[in-house]
Number of protein chains: 2
Amino acid sequence: PLYLITPTYTRLTQKADLIRLSHTLMHIHNILWIVVEDRSSKSKLVTNLLDRSGIEHVHMNVETPKIFRLRPGDRKYMQHRGVEQRNLALDWIRMSYELSQGVVYFMDDDNTYDIELFHHIRKVNKVGIWPVGLSGGNDYEGPICENGKVTGWYTIWDTRRMFPIDMSGFAIHLQVLLDSPSVYWDRKSRVGNLESDLLISLGIERGDLEPIDDTCSQVLVWHTQTVKFEYLENRMERITIKNLEKYMDLEV
Amino acid sequence: PLYLITPTYTRLTQKADLIRLSHTLMHIHNILWIVVEDRSSKSKLVTNLLDRSGIEHVHMNVETPKIFRLRPGDRKYMQHRGVEQRNLALDWIRMSYELSQGVVYFMDDDNTYDIELFHHIRKVNKVGIWPVGLSGGNDYEGPICENGKVTGWYTIWDTRRMFPIDMSGFAIHLQVLLDSPSVYWDRKSRVGNLESDLLISLGIERGDLEPIDDTCSQVLVWHTQTVKFEYLENRMERITIKNLEKYMDLEV
Ligand SMILES: O=c1ccn([C@@H]2O[C@H](COP(=O)(O)OP(=O)(O)O)[C@@H](O)[C@H]2O)c(=O)[nH]1
Ligand SMILES: O=c1ccn([C@@H]2O[C@H](COP(=O)(O)OP(=O)(O)O)[C@@H](O)[C@H]2O)c(=O)[nH]1
Ligand SMILES: [Mn+2]
Ligand SMILES: [Mn+2]
């Protein structure tokens with residue numbers, strides 16, 4: 001199967017993002033969705049959402065240690081996000097000896113995935129790679145391919161990276177992860193180097209990369225982001241007592 | 001069937017937004033997706049996306065007149081968006097006499113819709129109504145319902161509106177639109193009053209409203225927004241000649 005690993009955290013747009021992602025995954029057969037919440041306990045919201053989706057899943061949680069959490073006002077890139085969550089999923093996968101072989105793909109909860117992408121991922125033997133839309137400050141970022149081999153990179157951000165690619169631009173065969181049992185996502189990676197460092201740690205070389213097609217000619221995943229929801233100013237003053245009496249505290 | 005009307009415009013995040021929306025609609029049977037591009041001609045991108053989705057659809061286009069278009073630096077709310085596009089869809093629906101009865105719903109291309117919502121919409125006799133998540137500057141906005149009747153509104157933004165509800169918070173039976181053949185979305189509506197004004201023009205009264213369930217107890221649609229994509233500064237300087245030679249101009 002495909003092992004799809006998604007870190008996720010509680011915020012007002014979380015349910016909407018996960019609903020959209022689940023609608024995509026509900027079109028894909030033979031997958032295991034490993035969803036890891038960045039919380040000290042599993043939420044009812046994610047539990048119900050996963051159950052309702054009908055998708056085969058594993059639901060776990062681990063809270064990002066306080067020192068690594070973004071503080072109010074921090075820019076996003078000041079901390080790697082989702083690291084402990086993805087690593088817990090790696091632990092789970094490595095410890096579940098009964099797993100059948102398959103391909104592992106890290107899917108953030110706010111990206112956009114084309115259904116066709118998963119057909120390609122299924123064929124990965126070692127490490128599959130492909131361009132990612134709206135990534136790296138450009139229309140897309142990723143490999144330049146000729147005759148089914150990676151011959152260069154289309155990237156403008158930190159071009160010194162050995163593998164200049166976003167999280168959503170590659171997938172790894174389970175066996176590669178089993179062969180390097182002590183390799184994890186590394187908080188000590190420099191900004192934007194998490195992905196490249198993981199592939200280096202796994203001993204991957206550029207020649208190992210398997211382009212999605214001969215010329216990497218399609219964008220099938222987009223690094224979309226959802227606008228952070230902001231309450232209207234003076235919200236609490238505007239909510240009249242009259243309304244509050246009847247107001248139902250709905251899950252959003 | 002359900003007549004689902006979506007205005008859409010060309011921007012870097014358009015394909016991603018439409019892909020996600022199409023994945024949701026691919027789960028819904030017996031729909032007609034009326035997609036109206038805000039352009040002087042139909043795009044290849046939307047044409048292919050609709051064809052690939054397999055969803056029954058009508059694809060049209062009409063460009064927003066220059067005077068009504070947002071200019072760089074304008075805040076979104078300074079112009080109503082999608083008006084001419086939704087009105088063209090209304091024209092099409094009203095002129096397609098052979099249409100079987102059904103319910104009309106206006107779906108913006110960047111919102112998030114729960115599959116369950118459509119089961120409720122199908123049962124609408126006149127005007128169905130329900131709460132919308134992440135809307136009106138609050139966790140949700142919409143009707144407060146008791147025993148299947150609207151008895152108040154949970155809203156904090158322009159509370160004078162007769163129907164304080166977002167575009168995605170109601171659906172109208174086709175017959176209501178056929179009975180008022182000259183009613184359209186109106187650019188002269190005040191900011192945020194487009195929806196309320198349409199329902200008033202259709203002669204709807206609060207007592208006509210059909211809540212989604214007895215107590216309007218579920219949020220099944222979210223007014224999500226996708227972060228506008230921004231290129232990295234000095235992008236053109238960073239794209240080296242070497243890369244550009246092999247660079248393929250992919251559709252994103
Ligand atoms: O405190 C956080 C922030 C983010 N994430 C998850 O980590 C992934 C990447 O985060 P985000 O999308 O915010 O960053 P981006 O990749 O868009 O820069 C997403 O699946 C988030 O749900 C998390 O688990 N904890
Ligand atoms: O110039 C424009 C801007 C927006 N839209 C469409 O109108 C709807 C509402 O626009 P948007 O989502 O930007 O506004 P919001 O409702 O999020 O405030 C969406 O379906 C857009 O694709 C359009 O047709 N032309
Ligand atoms: Mn993200
Ligand atoms: Mn919108």
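Below, chains carry the letters A, B, ... as their sequence lines are ordered, and counting in each starts from 1.
Contacts of B/Gln218 with chain A are made by backbone atoms alone, with heavy-atom separations under 4.5 Å and no side-chain atom involved. Looking at A/Glu233, there are no atoms closer than 4.5 Å to chain B (heavy atoms on both sides), in backbone or side chain. Only the backbone of A/Ser135 has a heavy atom closer than 4.5 Å to any heavy atom of chain B. Only the backbone of A/Glu251 comes within contact range of chain B, judged by heavy atoms closer than 4.5 Å. Only the backbone of A/Cys216 comes within contact range of chain B, judged by heavy atoms closer than 4.5 Å. For A/Leu134, the parts lying under 4.5 angstrom from a heavy atom of chain B are both the backbone and the side chain. Heavy atoms of A/Phe229 lying under 4.5 Å from chain B belong exclusively to its side chain.
Closest approach of B/Val252 to A/Trp222, counting heavy atoms only: C-NE1, 3.4 Å. The nearest pair of heavy atoms linking B/Ser217 to A/Leu250 is O-CD2, 3.3 Å.
Between chain A and the options B/His27, B/Lys246, B/Met26, B/Arg52, heavy-atom pairs under 4.5 Å are most frequent for B/His27. Most heavy-atom pairs under 4.5 Å with chain B, from the set A/Lys15, A/Glu237, A/Glu146, A/Gln225: that is A/Gln225. Counting heavy-atom pairs closer than 4.5 Å to chain A, the top-ranked of the candidates B/Thr155, B/Thr151, B/Thr13 is B/Thr151. In terms of heavy-atom pairs under 4.5 Å with chain B, the best-connected choice from A/Ile144, A/Asn234, A/Leu21 is A/Ile144. Note: A/Asp139 leads A/Asp139, A/Thr159, A/Thr240 in heavy-atom pairs under 4.5 Å with chain B. Across B/Tyr247, B/Tyr113, B/Tyr231, the residue that shares the most heavy-atom pairs under 4.5 angstrom with chain A is B/Tyr247. No other option in B/Asp110, B/Asp249, B/Thr224 has as many heavy-atom pairs under 4.5 Å with chain A as B/Thr224. Each of B/Leu220, B/Ile115, B/Leu12, B/Thr215 has some count of heavy-atom pairs under 4.5 Å with chain A, and the biggest count is that of B/Ile115.
Looking at A/Ile239 and B/Asn138, their side chains come closer than 4.5 Å, going by heavy atoms from C-beta outward.
If you take CD on B/Glu116 and CD1 on A/Ile19, they are separated by 9.5 Å, rounding to the nearest 0.5 Å. Expressed to the nearest 0.5 Å, how far CZ of A/Arg235 lies from CD1 of B/Ile156 amounts to 6.0 Å.
Residue A/Arg20 forms a side chain to side chain donor-acceptor pair (under 3.5 Å) with just one option from B/Asn111, B/Asp17, B/Thr112, B/Asp114, and that option is B/Thr112.
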